[in-house]
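Below is one structure, written out as structure tokens, with a few remarks after it.
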There are 2 protein chains.
Amino acid sequence: MGKKRVTLADVARLAGLSQTAASMILTGRPDTRLSAEAHARVHAAAAELGYRPNLAARALRTDKTRTIAFISDVVATTRFANGLIRGTLAAADEAGHVVLLLETGGEPAREVQAIEAALDRQVDGFIFAAMRAREVFVPALPAASRVVMLNATSRQHPVSVLPDEFEAGRAAIRLLDSAGIRDGLALIGHNPVVEQGYFRSETVSRRLAGIRAEMERLNMAFVVEESCWNWEATHGYELVKGLLDRRAPIKALLCLNDRLAFGAYQALGEAGLKIPADIPVISFDNDELAADLRPGLTTFALPHERMGQEAVRLLLAPEIEPFEHLIPMTQVLRESLSNIGDG
Amino acid sequence: MGKKRVTLADVARLAGLSQTAASMILTGRPDTRLSAEAHARVHAAAAELGYRPNLAARALRTDKTRTIAFISDVVATTRFANGLIRGTLAAADEAGHVVLLLETGGEPAREVQAIEAALDRQVDGFIFAAMRAREVFVPALPAASRVVMLNATSRQHPVSVLPDEFEAGRAAIRLLDSAGIRDGLALIGHNPVVEQGYFRSETVSRRLAGIRAEMERLNMAFVVEESCWNWEATHGYELVKGLLDRRAPIKALLCLNDRLAFGAYQALGEAGLKIPADIPVISFDNDELAADLRPGLTTFALPHERMGQEAVRLLLAPEIEPFEHLIPMTQVLRESLSNIGDG
DNA sequence: CGCAGTTGCTAAAAGGATTTAGCAGATGAT
DNA sequence: ATCATCTGCTAAATCCTTTTAGCAACTGCG
């Protein structure tokens with residue numbers, strides 16, 4: 001067994017040509033003047049020897065590595081990371097690239113470290129992903145670096161990919177409207193009076209803005225709006241239980257995310273109320289949870305996978321497209337609203 | 001601004017020494033005979049210039065990249081991936097390594113591709129992760145490659161990291177026993193008669209084996225065992241609903257994972273049964289879900305994060321430790337069982 | 001025929017580190 | 001005084017590609 005790696009020199013030798021010729025042919029240079037026969041011989045030799053270029057050597061020469069760095073604040077806590085990573089991986093693979101995954105925990109020091117580690121490995125570009133879309137500070141980078149912000153925005157780096165929250169907010173209201181739900185509607189997760197002066201993440205703001213814009217257009221209003229800061233199941237439960245306890249006149253629930261909706265389900269269930277017959281519920285995110293709830297939760301899906309793909313596309317695109325790229329959130333109809341006619 | 005990268009030659013020049021000396025000093029070679037003063041000068045020069053070694057050049061020479069490949073079948077569908085990846089990332093970072101993330105979808109062709117992509121980049125080692133522990137086929141690799149199987153096993157690669165399912169199974173039974181639950185116990189998710197001849201994943205078998213071993217030891221038996229192949233919420237719901245419909249004499253539920261338990265919650269809730277007062281429930285995995293259920297679900301946690309860390313440790317350890325490394329599953333007590341005394 | 005331009009190819013440099021082999025001077029032993 | 005050894009350091013080779021510069025032979029044109 002020839003233990004040694006096969007090098008370009010081996011291929012050239014077998015093909016009876018110079019290394020230069022072999023290199024040009026294998027890298028598919030356009031206007032070389034090498035003969036068709038030379039091409040054939042080199043390809044044959046490469047195939048026969050099972051030649052694979054040494055990417056370190058190539059990187060040394062060209063400064064290109066077909067590797068992109070995915071730097072995120074937290075992979076950990078959030079199930080959302082999966083979709084973003086999966087989409088990124090798929091698109092990168094498609095483009096013959098590979099992904100270096102780095103986590104910073106949101107700490108500036110580790111951010112700098114991560115960037116240096118990536119730079120040392122001469123990545124071709126950076127994707128900065130935040131698990132909660134937010135204004136992200138990105139430490140200084142070599143001027144030439146290609147950067148895409150994923151589920152995040154940054155003053156210095158204008159290329160970003162975000163879910164189209166505003167449209168999803170509007171669509172949610174339209175869905176309720178077209179289901180004939182125009183009053184008795186409760187909003188779970190936000191109250192503008194209570195939260196005045198506090199800034200939520202950029203995407204959340206847009207989600208709310210879309211909701212309110214469409215309600216205004218349709219001349220609708222919430223009968224009650226319940227605020228809580230973290231949108232977790234337990235808060236959904238408590239808020240809705242509170243509403244029920246004080247006999248608020250609610251006929252439908254618009255929850256600001258699926259976990260709140262989950263909590264709402266629990267409160268409604270305890271109170272003996274049926275979804276959707278008594279109270280329809282809709283929500284946002286399309287968490288894994290949403291399909292497992294009973295009845296299934298109608299919700300607007302965060303398009304994480306497509307976002308990841310888009311980020312890679314933008315990163316590798318020949319032209320920089322320096323603006324926000326909004327990916328539509330698709331409506332996922334399940335029984336928590338779609339059966340409305342049945343009751 | 002000096003746009004050019006600073007190289008070792010620059011450092012050497014500034015320090016007034018040869019490149020050889022600079023290299024030896026910066027890489028911390030042990031028995032070089034260079035003077036203390038030379039050391040100081042080189043370090044000072046490196047710091048002053050902000051020198052960072054070109055890793056491609058180093059890789060070309062040494063075949064080491066301080067990069068490890070994390071090759072998994074699916075990052076996608078499973079929330080479990082998070083913990084494994086997070087642990088891996090943390091430990092790699094700690095050790096000054098970086099992680100290349102590759103996904104194969106479990107398809108052999110893509111597995112080969114992923115391995116080649118990693119090999120091309122001269123990774124220092126491979127972690128093969130399966131999202132459902134199973135016997136994994138790993139395509140041929142250069143003989144010298146360092147490999148660790150994570151949540152998976154492989155005939156060719158003996159170093160593996162797995163959750164200690166057997167002990168968790170035993171612990172679950174001990175927990176029930178010590179809570180005074182000795183009869184009326186239903187097992188949700190498996191029935192040895194129905195499933196005879198079918199092989200589930202390695203870890204699942206062990207989980208069951210632990211359960212059955214401890215029951216035998218304590219002279220306990222299930223009053224009923226319900227089988228289903230995929231452990232999803234909907235199956236949990238249907239199985240438990242079925243039990244309730246036919247008035248099976250059940251007093252407690254041992255669910256084989258949290259999603260089944262979630263379904264069980266739904267069925268019990270509909271039937272107006274209280275957890276744990278009427279029916280305590282315990283389970284395995286410690287899915288995110290488990291904390292959000294109401295009452296909280298007592299469960300045995302899959303130690304994914306620690307598993308990821310251990311995998312990296314084994315990969316980089318000076319000595320190969322060619323056997324299974326079992327990571328304990330910790331008991332997470334919540335209200336679905338711990339309140340048993342209250343009823 | 002002389003000259004310009006094409007065609008088909010190659011020698012050698014460059015990229016930035018590590019590592020081998022070895023040199024000059026000092027020290028110690030005989 | 002001679003030889004061996006140690007000390008502190010360096011020149012040059014090496015890893016494997018890509019790329020620049022250019023060569024020799026041929027074609028076409030006036």
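Here is how names work: the chains are called A, B, and so on, in the same order as the sequence lines, proteins then strands, and each is numbered from 1.
For the 3.5 Å distance criterion, the side chains of A/R121 and B/T67 qualify, holding a donor opposite an acceptor.
Listed by residue number, A/L17, A/S18, A/T20, A/A21 are the residues of residues 9-27 of chain A with a heavy-atom contact under 4.0 Å to DNA chain C. Applying a 4.0 Å cut-off to non-hydrogen atoms, the residues of residues 58-69 of chain A that approach DNA chain D are A/R58, A/R61, A/T62, listed by residue number.
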Contacts under 3.5 Å, N or O only, protein and nucleotides 4-8 of chain D:
from	atom 1	to	atom 2	distance (Å)
D/dG8	N7	B/R33	NE	3.0
D/dG8	N7	B/R33	NH2	2.9
D/dG8	O6	B/R33	NH2	3.0

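Spacing between atom CG of A/L55 and atom P of D/dC16 amounts to 13 Å, rounded to whole angstrom units. As rounded to whole Å, 16 Å separates atom C1' of C/dG16 from atom CG of A/L119.
Across A/L119, A/I68, A/L102, A/L100, a single residue satisfies side-chain contact (heavy atoms from CB on, under 4.5 Å) together with A/F126, and that is A/L119.
Aromatic ring pairs are classed by plane angle as parallel below 30°, tilted from 30° to 60° and perpendicular above 60°; the pair A/H157 and A/F128 is parallel.
With sequence neighbours excluded, the residues that form a side chain to side chain donor-acceptor pair (under 3.5 Å) with A/E310 are A/R313. In this structure, the salt bridge (charged side-chain N to carboxylate O under 4.0 Å, His left out) partners of B/E116, at least two apart in sequence or on a different chain, are A/R52.
Proximity of B/Y51 to the phosphate of C/dA17: a side-chain N or O atom is located under 4.0 Å from OP1 or OP2. An OP1 or OP2 oxygen of D/dT19 is reached within less than 4.0 angstrom by a side-chain nitrogen or oxygen of A/R29.
Using a 4.5 Å cut-off on side-chain heavy atoms (C-beta onward), B/P163 and B/T203 make contact. Proximity of B/H304 to B/I327: side-chain heavy atoms (C-beta onward) are nowhere separated by under 4.5 Å. At least one side-chain heavy atom of B/L316 sits under 4.5 Å from a side-chain heavy atom of B/H97.
Across all non-hydrogen atoms, the minimal contact from A/A9 to A/Q19 is CB-NE2, 3.7 Å.
Five base pairs at each end of the helix from C/dC1-D/dG30 to C/dT30-D/dA1 define two local axes, and these are offset by 60° (rounded to 10°).
Other residues, nucleotides and ligands contribute only 12 or fewer heavy atoms inside 6.0 Å of the CD atom of B/E94.
Heavy atoms of A/A38 sit under 4.0 angstrom from primed sugar atoms or phosphate atoms, though from no base atom.
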